[in-house]
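Predicted, not measured: the structure shown is a model, and the values here were computed from it. All values below were derived from every heavy atom in this structure, side-chain atoms included, with hydrogens, water molecules and symmetry-related copies excluded.
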Amino acid sequence: MNDETPYRPRFPIFACHECGLIHRMSALPDGATARCRRCGAALYRERRDSLNRVLMLTIAALILFVLAHTFPFMTFKLEGRAQMSTLLSGVVQLYRDGMWPLALLVLATASLAPLLKLLGNLYVLVPLKLGWRPIGLARVFRYTEIIHPWAMMEVYLLGLIVAYVKLTEFARLELGIAVYSFGALILAMVAAESALDPRQVWQRLSPQAAAALPLPAPAALLSCHACDQLVRAGRLSRHAPLVCPRCGARLHRRLPNSVARTWALVVTATILYIPANLLPVMTVTSFGKGEADTILSGVKTLIDAGMWPVALLVFFASITVPVLKLIGLSFLLISVQRGSAWRRRDRTLLFRIIESVGRWSMVDIFMISILVALVNLGSIATIQPGAGAIAFAAVVITTMIASMGFDPRLIWDRGKTSHGRRPAIHH
């Protein structure tokens, strides 16, 4: 090295996945979170001994998962008759009632996705602990992170609470071992998610890109949306796309056709929202008399029974959230298409909220799956799902995919670009 050339240390760098601002990675105290200085998004967290804690919690969660799916879940007793259910009874009953799309959705979100997430974490963390490198380790961890939003056990638990409140008014319910195992399973998975620092996993799989100061211009780099790796932009081609050297995901400057695809999904969800509210989501038959319930009539029934907290919860999750998501996404799309510079940080926060709350609208679907499994006593009492439930489930899934397909970096594309800042640190 020439003595007159100043030494320029190389710093790990990465781009904020919500606004694209390039940051230099820095060490944090334990428990702290680094946030983007421009949009406020959480960039990474510092968790001491993260991988060991997550591994232990994952093993415990797998044991609880088996218990929750093996033992009796709930028992419904009415007029001397009893109906016992397991965690998968709702899936079976929905399938028998001809509602196989709902059965598949409940199975995927309440059982399969959580199981795949646990197995994926185990597949990645055990080799890292032992120093092994099996095939596809990075790809498995990427898929595990993709699965995460679709693992909705905590939403299922909320649906269970609503179903329990609705049924205790006129029947006796007994909670089985599986309910307590299920609650403990949720706590274990939440604790594992809180302890996990994905940055540590990616760093062990492959080092983060580094650059000397001054940093490269943002236009010269492509950021992997899956693992945050930065790659020097080559010549992008539809026939030979660039892929991330760390996780194998395709690299794009922005998500392809983000605005057009999101608009298409928003319009689809808006159309589906009409039959979701007009058609019955379930029919309750008691001693030979049947009564169809829509989402709104179900809320009204809860209010008439004096169950205001549960009624407000169902109204917010099943009516308010989908409507606000559709309005919010439409607002973001219009503002991006107009090239608006108005309150970019607030619009990014709006997107963050939309992305996080959409899954909670599944409360009604999970509640229905629990009710149809428990209340199946022939002419005494039976609950059957309705066509409105399929339409509503389609609204929830479509809006979730729409928010996932919207690229929030588009909000910042017409603004001034800056890079090289250290992220803000929050304890």
Side-chain angles (χ1 to χ4, degrees), residues 12-23 25 36 38-39 41-44 136 138-150 198-199 201-202 205-211 215-266 268 329 332-340 344 347-348 350-352 354-355 358 398-420:
I13 59 173
F14 61 99
C16 173
H17 57 277
E18 291 190 5
C19 72
L21 180 67
I22 297 178
H23 296 80
M25 190 178 293
C36 177
R38 185 162 70 174
C39 72
L43 301 174
Y44 59 89
R139 290 179 183 269
V140 170
F141 189 65
R142 173 163 66 91
Y143 295 144
T144 301
E145 292 294 290
I146 292 173
I147 288 171
H148 171 67
W150 302 101
R199 177 182 57 113
V201 177
W202 290 123
L205 293 174
S206 179
Q208 183 70 24
L215 295 175
L221 299 170
L222 291 176
S223 175
C224 177
H225 204 67
C227 72
D228 295 327
Q229 182 66 283
L230 283 174
V231 180
R232 288 196 174 273
R235 186 174 182 180
L236 295 176
S237 169
R238 181 177 299 178
H239 304 289
L242 291 177
V243 296
C244 175
R246 181 157 66 179
C247 71
R250 287 194 176 188
L251 298 176
H252 310 279
R253 293 197 183 278
R254 296 294 180 263
L255 295 177
N257 303 316
S258 174
V259 172
R261 290 182 180 182
T262 306
W263 264 127
L265 291 166
V266 167
T268 301
L329 284 172
L332 291 176
L333 289 166
I334 292 171
S335 65
V336 164
Q337 288 181 309
R338 292 172 59 88
S340 172
R344 287 190 173 95
R347 282 189 284 147
T348 306
L350 173 63
F351 165 76
R352 205 174 300 144
I354 289 172
E355 191 177 35
T398 304
T399 53
M400 285 184 65
I401 297 174
S403 60
M404 292 175 184
F406 178 77
D407 195 333
R409 294 172 294 181
L410 296 172
I411 297 172
W412 299 87
D413 275 353
R414 293 182 179 270
K416 295 180 180 179
T417 58
S418 58
H419 60 284

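Contact annotation: the side chain of Leu242 never approaches that of Arg250 to less than 4.5 Å [non-hydrogen atoms, C-beta and beyond]. Annotation: side chain of Cys36 is in contact with side chain of His23 (closest heavy-atom distance under 4.5 Å). Within the 4.5 Å cutoff, the side chain of Met404 has heavy atoms near those of the Pro149 side chain. By the 4.5 Å heavy-atom criterion applied to side chains, Thr262 and Leu332 are not counted as neighbours. Side chains of Cys19 and Ile411 form no contact here, defined as non-hydrogen atoms less than 4.5 Å apart. Looking only at side-chain heavy atoms (C-beta outward), Val231 and Pro245 come within less than 4.5 Å of each other. Between His17 and Ser223 there is no side-chain heavy-atom pair separated by less than 4.5 Å.
For the side-chain contact (heavy atoms from CB on, under 4.5 Å) test with Cys247, the passing option among Phe141, Trp202, Tyr143 is Trp202; the others fail.
Shown here are the side-chain hydrogen bond (donor to acceptor under 3.5 Å, both in side chains) partners of Glu18, two or more places apart in sequence or in another chain: Arg352. Scanning for side-chain hydrogen bond (donor to acceptor under 3.5 Å, both in side chains) contacts around Asp407 gives Arg409, with sequence neighbours left out. Judged as a side-chain hydrogen bond (donor to acceptor under 3.5 Å, both in side chains), and not counting sequence neighbours, the contacts of Thr348 are Trp412. Residues meeting the side-chain hydrogen bond (donor to acceptor under 3.5 Å, both in side chains) test with Trp263, sequence neighbours left out: Gln337. In this structure, Arg347 has no salt bridge (Lys or Arg N to Asp or Glu O under 4.0 Å) partners at least two apart in sequence or on a different chain. Qualifying salt bridge (Lys or Arg N to Asp or Glu O under 4.0 Å) partners for Arg139, counting only residues two or more places apart in sequence or in other chains: none.
Considering every non-hydrogen atom in both Arg253 and Leu222, the closest pair reads CG-CD2, 3.4 Å. Nearest approach of Leu205 to Ala138, heavy atoms of both residues: CD1-CA, 3.8 Å.
Note that NE2 of His225 and CZ of Arg142 are 12.5 Å apart. Values are rounded to the nearest 0.5 Å. With values rounded to the nearest 0.5 angstrom, Leu333 atom CG is found 9.0 Å from Leu410 atom CG. In this structure, CE in Met400 is found 13.5 Å from CD1 in Ile354, a value given to the nearest 0.5 Å. Atoms OG and CG, from Ser403 and Leu265 in turn, are 9.5 Å apart once rounded to the nearest 0.5 Å.
Side-chain atoms of Gln208 come within 3.5 Å of backbone N or O of Asp228 as a donor-acceptor pair. Looking only at distances, a side-chain donor or acceptor of Arg246 sits under 3.5 Å from a matching main-chain atom of Ser206. A distance-only check finds no donor-acceptor pair linking the side chain of Arg261 to the backbone of Gly405 [under 3.5 Å].
Ring geometry for Phe351 versus Phe406: interplanar angle of 30 to 60°, hence tilted.
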